[in-house]
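Worth saying up front: this structure is predicted, and the values here are computed from it rather than measured.
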Amino acid sequence: MFAVLLIISRVIAAEPVPADDPSDRLVSGTILSISYVTGDLLLSPDEGTVIVLYGVDAAALRGLGAGDRITVRLGANSEVREVARKER
């Protein structure tokens with residue numbers, strides 16, 4: 001019994017400690033299309049790829065339209081935390 005507990009305690013001690021939550025990531029780009037009903041957003045980032053964001057809160061999309069330049073703050077699981085219009 002003692003040997004089993006000793007082995008388990010060594011395994012637990014050897015497990016890596018999880019790092020703090022990764023910081024939010026900012027993505028800037030231009031809205032290609034937007035659906036206010038479903039909260040879907042097709043974004044062309046400055047990096048040159050296309051990103052599709054699903055289920056964005058309708059309040060975050062208020063006042064935005066295709067062609068607007070925006071900054072999106074993405075959380076740890078690529079969840080949308082904030083959408084803000086960039087001033088030209």
Less than 4.5 Å apart, side chain to side chain, heavy atoms only: is that true for V27 and L43?
yes

Between R85 and G63 (side chain of the first, backbone of the second, donor and acceptor by atom type, cut-off under 3.5 Å), is there such a pair?
yes

Step-by-step side chain to side chain contact (heavy atoms under 4.5 Å, CB included) determination, R69 to D46:
CA-CA 10 Å; R69 302 248 328 125; D46 296 336; 3.0 Å; yes

If you look at every heavy atom in A66 and L32, which pair is closest and at what distance?
CB-O, 3.7 Å

For the student: nearest non-hydrogen atoms of G65 and I34, plus distance
CA-CG2, 4.3 Å

Among L26, D24, V80, exactly one meets side-chain contact (heavy atoms from CB on, under 4.5 Å) together with L74. Which residue is that?
V80

Quick check for you: to the nearest 0.5 Å, what is the distance between T38 atom OG1 and Y54 atom OH?
9.5 Å

Rounded to the nearest 0.5 Å, what separates atom CG in L42 from atom OG in S35?
11.5 Å

Does the side chain to side chain contact (heavy atoms under 4.5 Å, CB included) test come out yes or no for D40 and V52, once each step is laid out?
CA-CA 7 Å; D40 298 343; V52 179; 5.5 Å; no

Honestly curious: do V72 and I51 fall in one hydrophobic cluster under the side-chain, below-4.5 Å linking rule?
yes

If I take atom CG from residue L64 and atom CD1 from residue I31, how far apart are they, to the nearest 0.5 angstrom?
4.5 Å

Got V83 and L53 here, is their nearest side-chain heavy-atom distance under 4.5 Å?
no

Pair D57 + R62: basic N to acidic O under 4.0 Å:
no

Any non-hydrogen side-chain atom of T30 less than 4.5 Å from a side-chain atom of K86?
no

